[in-house]
There are 2 protein chains.
Amino acid sequence: MAGKRVTLADVARRAGLSPTSASMILNGRSDTRLSQDAHDRVIKAAAELGYRPNVAARGLRTDRTDTIGFISDVVATTRFASGLIKGALDRAHDAGHVLIVLETAGEPRREAEAVEAALDRQVDGVIFATMRSRELYVPPVPDGTRVVLLNATNELHPVSILPDEYAGGRAAVDLLAAAGHREGILLLGHNAEKERGLFRSMTVERRFAGIRDAMAEHGLQFMAEESIWLWEPENGYAAMTKLLKRHRSSLRAILALNDRLAFGAQQALTEAGLRVPDDVSIVSFDNDELASYMRPGLTTIALPHEAMGTAAVDAVLDPERTGEILVPMPVVERASIAAPRS
Amino acid sequence: MAGKRVTLADVARRAGLSPTSASMILNGRSDTRLSQDAHDRVIKAAAELGYRPNVAARGLRTDRTDTIGFISDVVATTRFASGLIKGALDRAHDAGHVLIVLETAGEPRREAEAVEAALDRQVDGVIFATMRSRELYVPPVPDGTRVVLLNATNELHPVSILPDEYAGGRAAVDLLAAAGHREGILLLGHNAEKERGLFRSMTVERRFAGIRDAMAEHGLQFMAEESIWLWEPENGYAAMTKLLKRHRSSLRAILALNDRLAFGAQQALTEAGLRVPDDVSIVSFDNDELASYMRPGLTTIALPHEAMGTAAVDAVLDPERTGEILVPMPVVERASIAAPRS
DNA sequence: ACGTCGTGCTAAATGGATTTAGCACCGACC
DNA sequence: GGTCGGTGCTAAATCCATTTAGCACGACGT
């Protein structure tokens, strides 16, 4: 609607000063000797005209655009991705920055294109996010540009935001132990023997480590460890249906490696006439949307999407932050854990 | 890594020509009289140096930045939002454009801020998206900037992308009718009498209309229409539990107004010992993630998130497109509909 | 009376591209 | 020989804001 944009020259003209003066005043530079009166006139003129600086023009001169590139392999498929984006968006907004969001589907060609598209627009920094945490290839980037890895790592750019999976793994075990579980505990989704040499993701390895260490410290052992490669509901359902044939009588608790497995497992339990948590307790990971829809609600160790997103933007903005930044995984207690049936 | 960016001047120098010539050649202008040899030299120099134009600088001159602002009230909460974004992202990528994503939480202050942040960066157009379709307030925007409403409408900017809910509503009824259902059909989520005067959302009203018309054409009537204000699983569960007391024996099919209600309802059915689809058929709307996790899978009329997102970018890019653009809602057939038990 | 210093402000360069206006040269034609 | 037209290319302006270098003026000191 409005005609065209107001420029700095317009403001200066209205204030009866040069653009130089107007620029200095609006940028709040303290070392100028401009009069109080000049200040007042410029501020007033800018307000009256509704002046907003042209970020592109400014960026040309200053090399800062208050714009960050957010490059992710996947954005829509998982709630995880959108949580990261939302966290990043919120923090960027607080800091007066803006996000250019790009998706690569994990294809190297598109990754390179995305970086270029971002750099073409003079972004101040780039965030690389992956869903399956891993060492990520990062195309070359000019010197001044901050690079932050979100749920990923890279040798050349040692700034990574990761969930504290080790502590999370421990927390899950602690929850079962605290409820009094000592026996009949099933690990659903992973079997260290069978999966030897297979790589899932950096962070999930840490989750396993946390679980293993905590089990040992509590002096506990799993009744069974079921390897499942794809952690989707149907696989949880299938595995659980099968497992119930052998372990039905001794099963007391399930430590599922994510909520989707837990969801499927619970469907199988329900169909078999077992009740959660009276007969079997369940704890799991991620705090997927599903977890809150289950009946009873699923107790789970949350993947802190949004906190990771905000941490990533913080890291771009603050060059001091460096190294591995671990974001705690909150325990979300719902109603799927109870004391074991004797 | 790389030192600093290569500029057009660098390319021109290497080709032994002026920036003017280099610019014209790289932009493929046909009306110049530059020699074939000059063309070759410039193209070669640009390739060797890895030249990429600075979009900000170009935008300053041309008022085009190949950048689109995507302003949404909510991004992470629903899968719907991220589907829209993904669709938009993909199409933008195809067209060599980039998206600045902004979130407003539906607050007018943040909406205004978001528009300004986008305009400050010289975007070519702005997409306004809402989750609950409605007439949306759009802050003033300069003349040349395209504005497209996504799942929303606005008087001043008559370019709207909307799901074809009317047809979708009809499709749901058709599905039940085709399976042979004539009686014992429950409408779950809305009661026209009780909700008279209450406004849910533009598109949902059309969904109702489609359902109503199709029912009439098939000569059918609902056994009951249950008003539920919040379409969440727990509400579906609660309503269904209650309804079963009265209608258990005659109930044959449920037309749920979204998948979350259907999900809750199905939990109630299962607990009551009724089986889907043998005892009761279910059809619903949205194609929420949940729908594929249910056992059996839920047949549903999909909200075409991604298609809507791509349509929005198309509309920004093509000034010819105008008016209400209706995107079809695909029927996703799974396994929740069967012929009625006699 | 003249140099010095502080005060208040501005001209012009800059960043990287596009675009307008026009220059220099060559051959053809009268 | 002068003019006209075409060919091949470039200087300079422009977009908008920031920044460097420095001008003009008055007061002060000696």
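As a basis for the values below, the full set of heavy atoms in this structure was taken, side chains included, without hydrogen atoms, waters or symmetry mates.
- Residues satisfying the salt bridge (charged side-chain N to carboxylate O under 4.0 Å, His left out) criterion with E135(A), sequence neighbours excluded, are absent altogether.
- In this structure, L60(B) places its CG atom 12 Å from P of dT19(C), rounding to the nearest Å.
- In this structure, R52(B) reaches the sugar-phosphate backbone alone: every heavy-atom distance under 4.0 Å involves primed, P, OP1 or OP2 atoms, never a base.
- For DNA chain D, the residues of residues 35-45 of chain B within the heavy-atom distance limit of 4.0 Å (strictly under) are S35(B), A38(B), sorted by number.
- Nearest to the side chain of T20(A), among dT19(D), dG22(D), dA11(D), sits dT19(D).
- Counting only heavy atoms from C-beta on, R61(B) has its side chain closest to dA13(D) among dA13(D), dT18(D), dG22(D).
- R58(A) has its CZ atom 13 Å from the C1' atom of dT19(D), to the nearest Å.
- Atom CZ of R110(B) is surrounded by more than 12 heavy atoms from other residues, nucleotides or ligands within 6.0 Å.
- Salt bridge status for R5(A) with D63(B): absent, with no side-chain N to carboxylate O gap under 4.0 Å.
- The CZ atom of R64(A) sits 12 Å away from the P atom of dT18(D) (whole-angstrom rounding).
- Rounded to whole Å, the distance from CZ on R5(B) to P on dG16(C) is 10 Å.
- For T67(B) and R121(A), the side-chain atoms include at least one donor-acceptor pair closer than 3.5 Å.
- Rounded to whole Å, the distance from CG on N54(A) to C1' on dG15(C) is 13 Å.
- Between N27(A) and dA17(D), a side-chain N or O to OP1/OP2 separation shorter than 4.0 Å is absent.
- Judged purely by distance below 3.5 Å, without hydrogens or angles, the side chains of S23(B) and T20(B) never pair a donor atom with an acceptor atom.
- A salt bridge does not link R58(B) with D120(A): every distance from a Lys NZ or Arg NE/NH1/NH2 to an Asp or Glu carboxylate oxygen is 4.0 Å or more.
- A sub-4.0 Å separation between OP1 or OP2 of dG16(C) and a side-chain N or O of Y51(B) is absent.
- The distance between atom CZ of R29(B) and atom C1' of dC9(D), rounded to the nearest whole Å, is 14 Å.
- The pair D124(A)-R146(A) does not meet the salt-bridge criterion, since no charged nitrogen lies less than 4.0 angstrom from a carboxylate oxygen.
- Among the protein residues, S21(A) comes within range of the nucleic acid bases, having at least one heavy atom under 4.0 Å from a base atom.
- Distance CE (M24(B)) to C1' (dA21(C)): 11 Å, rounded to an integer number of Å.
- A salt bridge does not link D40(B) with K44(B): every distance from a Lys NZ or Arg NE/NH1/NH2 to an Asp or Glu carboxylate oxygen is 4.0 Å or more.
- Sorted by residue number, the members of residues 6-19 of chain B with any non-hydrogen atom under 4.0 Å from DNA chain C read T7(B), L8(B).
- Using a cut-off of 4.0 Å between Lys/Arg side-chain N and Asp/Glu carboxylate O, R14(B) and D10(B) are scored as not salt-bridged.
- Atom C1' of nucleotide dT19(D) and atom CD1 of I25(A) are separated by 15 Å, given to the nearest angstrom.
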